[in-house]
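Reviewing the structure listed below.
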Amino acid sequence: MAVVSLRNFFVLSLALNVSLILRTINQNEKLQSGALMAVQKGAKVSQMAFLSFPSLSSPSAAAPEIQTPLGSERIINLDHGDPTMYEQYWKPMGDKTTIVIPGWQSMSYFSDVKNLCWFMEPEFAKQIVRLHNVVGNAVTEGRHIVVGTGSSQLYLAALYALSPQDSSNPINVVSAAPYYSSYPLMTDCVKSGLHKWAGDATVFNKDEPYIELVTSPNNPDGFVRHSVVNRTGGILVHDLAYYWPQYTPISTPADNDLSLFTVSKSTGHAGLRIGWALVKDVEVAKRMIKFIELNTIGVSKDSQLRAAKVLEVVSDSCEQAGGLEYAESFFHFSHALMTERWRLLREAVKRSGLFSLPNFSSAHCSFFDNNLGTQPAFAWLKCDRDDVDDCESFLRGHKILTRGGKHFGVGPKYVRISMLDREETYNLFIERLSQIRL
């Protein structure tokens, strides 16, 4: 009897476990079915409700923002200029920009010992020259190319190279307000005895040597800039991160003593951390290279090789647009996208009635061979409401994060808003801005 009872107990226990397992599977199937129905239902009204269902393979799925189904409580972070909107172009490109780097490659510090910039990959230098020639936005002949870990490192290298090495006082560094918010921070970060931040170039009146930063198109307001300080002893550095056809008409090739460019805003590959400088004076180029050598002992070869491939594809798309491989060039796609985003923003601002935006005049673009307007990477938004003194705080109250005017050397009525985020985020921003009324 004991044996039979034990056997019966075992059978009963097994039946209960199987029942529990089947019940759990059934519940999971119901949950998955319900989630699928919710996604399908959400897709039908996505344009109205701006639903957020990032796939697990999407970079946005790993974003730190908490996303709710309807987005009503989602915080929209447009403070930074992360150019994720360009994913729309690069994802369909497939393997066109794929490279394979064997384990033995890129092991040496040196890339080309015959080159002045000994850590620059020859292929990257080749593609830089090619892209500038295709776009027509910069003179490369008679220039030395210096590669850097983004234009930020190149900016610091330029300050190091242009500052008097034997002066008892640091040289003044100025830029016309509103200026790029990181200029003051980077200039004075290590409290160098070589240079110091001296503020707004429009009010600089010291009878002392100075370096003037000319950002064109300007970050944050998007206007084309020229030097404003009319004094002797000045040195110019041109930051041309946004001098590309999707942002502004290409009127003429930039022909400056020192110009800075970056992959992040030209192609959207900010994560590569690659930029370059076109330098006329060989001694300035040598000092910039020395700074990078002391700072990071060169620049990642792997990033340079990938950047070279990206630039090659961009140039190919321009030269072969309309063919079998490239339906349109990278810049045609990007320009159309920026045009639509600015149209939506201006409509939202008009509907709200609380804000204003800069107006830009059109100009002939040699790349597109047409008269076009400016559509910057950032929107310089002004809050016109009388009872709002701090536009950044006001928009934060509506769960929109921006960067206030005080960071750019002007008043708090202004904010800078990135135009380069993913479509889902940008559409939600447009909807929310439109709903802010008197």
Is it true that R416 and S181 share a donor-acceptor pair across their side chains at a distance under 3.5 Å?
no

Nearest heavy-atom approach of Y242 to T248 is O-CG2, 3.9 Å

Are side-chain N/O atoms of S300 and D302 paired as donor and acceptor at under 3.5 Å?
no

Check whether any side-chain N or O of S362 sits under 3.5 Å from a backbone N or O of N371 as a donor-acceptor pair, and report yes or no.
no

No-hydrogen, no-angle side-chain donor-acceptor test under 3.5 Å, H335 and Q375
yes

Going by the angle between their ring planes, with limits at 30° and 60°, are F331 and F367 parallel, tilted or perpendicular?
perpendicular

Pick from Y183, F291, F261, Y180: which one makes a ring pair (Phe, Tyr, Trp, His ring centres under 6.0 Å) with Y155?
Y183

Return yes if a side-chain donor-acceptor contact under 3.5 Å exists between D221 and Y414, otherwise no.
no

Taken to the nearest 0.5 Å, the spacing of H364 NE2 from T252 OG1 works out to 11.0 Å

Aromatic rings F124 and W276: how do their planes relate, parallel, tilted or perpendicular, breaks at 30° and 60°?
perpendicular

Any side-chain to backbone donor/acceptor pair from S317 onto V314? Under 3.5 Å, distance only.
yes

Nearest 0.5 Å, what's the OG1-CD1 distance between T267 and I274?
11.0 Å

If you measure only the distance, is there a donor-acceptor pair under 3.5 Å linking the side chains of T402 and D79?
no

Separation between CG (L194) and CG (L156), nearest 0.5 Å, reads 11.5 Å

Got a salt bridge between E392 and R403, using NZ or NE/NH1/NH2 to carboxylate O under 4.0 Å?
no

Just checking, is any N or O donor in the side chain of N256 or S259 under 3.5 Å from an acceptor N or O on the other one?
yes

I want to know whether W118 and Y109 have ring centres closer than 6.0 Å.
no

Mind listing the closest non-hydrogen atom pair of Y247 and A377 along with its distance?
CE2-CB, 3.7 Å

Would you check if the side chain of E121 reaches a backbone N or O of Q304 as a donor-acceptor pair within less than 3.5 Å?
no

Using a cut-off of 6.0 Å, state whether more than 12 heavy atoms not belonging to R341 lie near its atom CZ.
yes

Working to the nearest 0.5 angstrom, can you tell me the gap between H144 NE2 and D281 CG?
7.5 Å

Going by atom types alone, do T296 and Q153 pair a side-chain donor with an acceptor below 3.5 Å?
yes

Name the one of K96, K309, R130 that satisfies salt bridge (charged side-chain N to carboxylate O under 4.0 Å, His left out) with D316?
R130

For the backbone of A241 and the side chain of D239, can you confirm whether one donor and one acceptor N or O come within less than 3.5 Å of each other?
yes

Quick check, are the ring centers of Y86 and Y89 under 6.0 angstrom apart?
no

When you measure from the side chain of S151 to the backbone N and O of L154, does any donor-acceptor pair fall under 3.5 Å?
no

Main chain of S356, side chain of K350: is a donor-acceptor contact present, judged purely on distance under 3.5 Å?
no

Can you confirm whether the side chains of R351 and S434 place a donor and an acceptor under 3.5 Å from each other?
yes

Side-chain donor-acceptor pair present, Y160, S192, cut-off under 3.5 Å:
no

Closest heavy-atom pair and its distance - M288, A277
CE-CB, 3.9 Å

